[in-house]
Participant: 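My questions all concern the structure below.
Lettering follows sequence order; numbering is per chain, from 1.
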Number of protein chains: 2
Amino acid sequence: MAEIRVDHAQTLAKVQIFSGLTESELAFLAQRSVPRRFSPGETVFSEGEPCAGLYVVESGHLRIFKSSAGGREQVLSIDGPGSSVAELPVFDGGNYPASVTAVDDATLLFVSKQDFQALCLAHPQVALKVLRVVGARLRRLVGIIEELSFTTVRHRLASFLLRLARTEGKRTADGVEVTLPVSNQELASQIGTVRELVSRNLSRFQSEGLVSIDGRSVIIHDLKALEAELRSAE
Amino acid sequence: MAEIRVDHAQTLAKVQIFSGLTESELAFLAQRSVPRRFSPGETVFSEGEPCAGLYVVESGHLRIFKSSAGGREQVLSIDGPGSSVAELPVFDGGNYPASVTAVDDATLLFVSKQDFQALCLAHPQVALKVLRVVGARLRRLVGIIEELSFTTVRHRLASFLLRLARTEGKRTADGVEVTLPVSNQELASQIGTVRELVSRNLSRFQSEGLVSIDGRSVIIHDLKALEAELRSAE
DNA sequence: CGGTCGCCGTGACAAAAGTCATCGGCACGC
DNA sequence: GCGTGCCGATGACTTTTGTCACGGCGACCG
């Protein structure tokens, strides 16, 4: 038992919003946090539910999204180890504004609203840290709005490919090779459109000679040309 | 001079994030805040500028928006007296994520980053208050994303009219009368489209008998029918 | 008064987005 | 092996969105 608590304290120490706490404070928090495991696809909570507390990601990834009446989904964020979700509704008393599911096998720590608020009052630095991560979240949301409002699906797809190329692209003779990490359906949810348009726009990139597609692997022949796509949008 | 300070302290007391501070704390803050006046259309700060501090609205209204290379704008929020803008970039150290201009004649109080951070450390409740208002902001942004991602211009326009009807609609024999508070151009920026589409969709509502338009005044004949528009989107 | 400017409405058009239906492949389980 | 389900591609079509160009109106100014 004691070891489990220590494990959790170590997990908590790696979470941005809790960095800077003393060991005893972490232990205290660990004692009050509840570990929960989730399987791929399992839902952590749904939009509209009353907010009981926040979750810290120990391992695995979470998918934060909105869903429409017609069955479409819009992904707001994918969060991995060390991040926390639902920090905000904890404070304004409202319900969860979006739904969260596990992407893969995930272990989370649940911290109740009360414990967390008490912690923030006792340790003002924690509140400041929360504000910092929330700032990042807000920036991402504003970025999504900007893309949805000003750009086309083609543009957003190019943008997605380039991001991928930057983070995990491998240089080859023909250009940079990336592997699409998710299904077209999921990709569509992330860039705010439907499956068919992702498929079509990828084909179009290929027929224009910008990329070659082989299964889930995409070779970007001309990085510059793809980047030019971004600038062409106004 | 002393009177001016007192005035500012009274202003600050009405601001959500500062409610709960003692008089002397407010006076201290008032002493350090700088009053600034803006004319309609004048810009308070622009997206991308380094963040120097936050602004509190004493009178008038501010317009927070993103603008695209092609000259389009997307309004994120309109804020009036008692609210504050740019609470967030103060904490994460980044630049302002969006631009802000005055809608009408506005008087603001500027509080520097340093002063505000110090205040949050000294008074943890302030940080919690900030988190609460930031929560509201985040909800609004998520709402915008939802609308942009899932709905049509027609839908968003219907939504806008209904919101207007609820807040300031006058009952008449023919239905509920509302007055469009802004130009079509501005309305377009608020619902994420262009002038022409606002104009066209309003005409279409009229030709379908849902509303009658006379200049800037719109009479909504059938509230239920317009609300049905919302449900029809999936 | 005449000019300029900002706003509105509209027609004509082009492009993008989305829907529906169909087909083929691949994996998994029984 | 064979059904079932998920995924991807694609054609045909509709709807929506956006662009360009124009003309009209009213306010305001010199």
Participant: If you assign each of Thr193(A) and Ser203(B) to its closest nucleotide in DNA chain C, which residue comes earlier from the 5' end?
Facilitator: Ser203(B)
Participant: Would you indicate which nucleotide in dC8(C), dG18(C), dA9(D) comes nearest to any side-chain atom of Ser183(B)?
Facilitator: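 Of the candidates, dC8(C) comes closest.
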Participant: Using a cut-off of strictly less than 4.0 Å, decide whether Arg216(A) has a side-chain nitrogen or oxygen near OP1 or OP2 of dG8(D).
Facilitator: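 Answer yes for this pair, as a side-chain N or O of Arg216(A) is under 4.0 Å from OP1 or OP2.
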Participant: Do you see a donor-acceptor pair shorter than 3.5 Å between the side chains of Asp79(A) and Ser77(A)?
Facilitator: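 Yes, Ser77(A) and Asp79(A) have a side-chain donor paired with an acceptor closer than 3.5 Å.
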Participant: Choosing from dA16(C), dG18(C), dT16(D), which nucleotide comes nearest the side chain of Arg204(B)?
Facilitator: dT16(D)
Participant: Rounded to whole Å, how long is the line connecting atom CD of Glu186(B) with atom C1' of dG6(C)?
Facilitator: 15 Å
Participant: Just distance, no hydrogens or angles: give the donor-acceptor pairs under 3.5 Å from side chains in residues 209-216 of chain B, sequence neighbours left out.
Facilitator:
unit_1: Ser212(B); atom_1: OG; unit_2: His221(B); atom_2: NE2; d: 3.1
unit_1: Arg216(B); atom_1: NH1; unit_2: Val182(B); atom_2: O; d: 2.7
unit_1: Arg216(B); atom_1: NH1; unit_2: Asn184(B); atom_2: OD1; d: 3.3
unit_1: Arg216(B); atom_1: NH2; unit_2: Asn184(B); atom_2: OD1; d: 2.5

Participant: Among dG18(C), dT19(D), dG18(D), which nucleotide has an atom closest to any side-chain atom of Glu196(B)?
Facilitator: dT19(D)
Participant: Which nucleotide in the list dA17(C), dA21(C), dT19(D) gets nearest to the side chain of Thr152(A)?
Facilitator: dA17(C)
Participant: Using the ring of each side chain (for Trp, its six-membered ring), is Phe45(B) parallel, tilted or perpendicular to Tyr96(B), with breaks at 30° and 60°?
Facilitator: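 Answer is parallel, since the angle falls under 30°.
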Participant: Taking the side chain of Arg200(A) as heavy atoms from C-beta outward, which of dT19(C), dG18(C), dG9(C) is closest to it?
Facilitator: dT19(C)
Participant: Output the single nucleotide from dC8(C), dG8(D), dG18(C) whose closest atom is nearest the side chain of Arg195(A).
Facilitator: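 Of the options given, the side chain of Arg195(A) lies nearest dG8(D).
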Participant: Just say parallel, tilted or perpendicular for the rings of Tyr55(B) and Phe38(B), cut-offs at 30° and 60°.
Facilitator: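 Geometry flag for Phe38(B) against Tyr55(B): perpendicular rings.
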Participant: Map Ser149(A) and Ser199(A) onto DNA chain D by nearest heavy atom, then report which one ends up closer to the 5' terminus.
Facilitator: Ser199(A)
